[in-house]
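All values reported here derive from a predicted model rather than from experimental measurement. For the single chain, residues carry numbers from 1 onward in sequence order.
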Amino acid sequence: MKRESRGPSTLLTVEQTALLLGISTSKVYRSIDRGDFPLKVVTINGRIHIVRAEVLRFIKGE
């Protein structure tokens, strides 16, 4: 069954997050591994995702 798209996902990939933050994907992964990444990280089926709303708030400086 194909999932119907309803707009932007609530989760971002590491690659999408790095692009929005203007840093490399390796920097994001290293920060997550060290435990000092400032945003909520969610792991689903072994894949790392970051909550979109938190990334947007971080960019806005909130």
Side-chain angles (χ1 to χ4, degrees):
M1 175 180 247
K2 190 175 179 182
R3 191 180 131 199
E4 186 179 319
S5 179
R6 296 183 197 161
S9 173
T10 58
L11 298 176
L12 298 172
T13 65
V14 169
E15 292 77 11
Q16 291 169 322
T17 301
L19 183 65
L20 287 171
L21 296 177
I23 59 177
S24 69
T25 56
S26 59
K27 192 168 190 171
V28 174
Y29 280 117
R30 281 195 306 269
S31 182
I32 291 168
D33 286 343
R34 285 192 309 259
D36 61 7
F37 192 68
L39 306 172
K40 182 163 177 65
V41 176
V42 178
T43 303
I44 300 172
N45 293 331
R47 294 182 179 216
I48 298 172
H49 299 278
I50 296 86
V51 177
R52 175 187 292 272
E54 292 208 13
V55 174
L56 298 177
R57 277 194 293 269
F58 185 80
I59 291 170
K60 288 180 182 178
E62 296 176 6

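Heavy-atom minimum distance, Val42 versus Ile44: CG1-CG1, 3.8 Å.
Among residues two or more places apart in sequence or in another chain, the side-chain contact (heavy atoms from CB on, under 4.5 Å) test is passed with Ile59 by Leu20, Leu21, Val55.
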Identify each donor-acceptor pair in which a side-chain atom of residues 22-30 lies under 3.5 Å from a protein atom, sequence neighbours left out, and give them as a table.
residue : atom : partner : partner atom : Å
Ser24   : OG   : Ser26   : OG           : 3.1
Ser24   : OG   : Lys27   : N            : 3.1

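For residues 53-62, no residue pair satisfies the salt bridge (charged side-chain N to carboxylate O under 4.0 Å, His left out) rule, not counting sequence neighbours. Among pairs with a residue in residues 36-47, those fulfilling side-chain hydrogen bond (donor to acceptor under 3.5 Å, both in side chains) read Ser31-Asp36, Arg34-Asp36, at least two apart in sequence or across chains.
Hydrophobic side-chain contacts under 4.5 Å tie Leu56 to no other Ile, Leu, Val, Met, Phe, Trp or Tyr residue.
Between the CZ atom of Phe58 and the OG1 atom of Thr17 there is a distance of 11.0 Å, given to the nearest 0.5 Å. The line from CG of Leu11 to CD1 of Ile48 is 12.5 Å long, rounded to the nearest 0.5 Å. With rounding to the nearest 0.5 angstrom, the OG1 atom of Thr13 is 7.5 Å from the CD1 atom of Ile50.
Linking ILVMFWY residues whenever their side-chain heavy atoms come closer than 4.5 Å, directly or via other members, places Leu39 and Val41 in the same cluster.
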